[in-house]
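Have a look at the structure below before the remarks.
Just so it is clear, the structure is predicted and the values come from calculations on it, not from any experiment. Side-chain atoms are counted along with the backbone in the values below, which use heavy atoms only and exclude waters and symmetry mates.
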Amino acid sequence: MGSFSIWHWLVVLLIVVLVFGTKKLRNVGEDLGGAVKGFKKGMDEAETEHKAQRESLETEARTDEARTVDVDAKEKQHQQP
């Protein structure tokens, strides 16, 4: 009694189609598909934005490292005549 056979699912599907009709089920399917597409698009945009922000921070870090002066190396250069 714990699991349903294929025949049980077919009967349930037939009852759902008879109660709601194919047009309403098709509209529900289209709405659900649109929602899933919108969700995926939003996730892709957020991921793209996150990557751009991370790349910007990495570029800033590299720029800061390029500006950093090693004081020990500079002192050694001045000491050598």
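- Judged as a ring-ring contact (aromatic ring centres under 6.0 Å, His included), the pairs with a partner in residues 6-33 (not counting sequence neighbours) are, in order, F4-H8, F4-W9.
- Using a 4.5 Å cut-off between side-chain heavy atoms of Ile, Leu, Val, Met, Phe, Trp and Tyr, L18 falls into a hydrophobic cluster with L14.
- By the side chain to side chain contact (heavy atoms under 4.5 Å, CB included) test, L57 is found to be paired with E60, residues two or more places apart in sequence or in another chain being considered.
- With rounding to the nearest 0.5 angstrom, the CD1 atom of I6 is 9.5 Å from the CG atom of L13.
- Between the side chain of S56 and the backbone N or O of A52 there is no donor-acceptor pair closer than 3.5 Å.
- Counting Ile, Leu, Val, Met, Phe, Trp and Tyr side chains that sit under 4.5 Å apart, directly or through other members, F39 shares a hydrophobic cluster with M43.
- Under the side chain to side chain contact (heavy atoms under 4.5 Å, CB included) rule, I15 has a single partner from V17, V12, V19, which is V19.
- V28 forms part of no hydrophobic cluster, judged by ILVMFWY side-chain heavy-atom separations under 4.5 Å.
- The OG1 atom of T22 sits 9.5 Å away from atom CG of N27, with the distance rounded to the nearest 0.5 Å.
- Judged as a salt bridge (Lys or Arg N to Asp or Glu O under 4.0 Å), the pairs with a partner in residues 22-50 (not counting sequence neighbours) are, in order, E47-K51.
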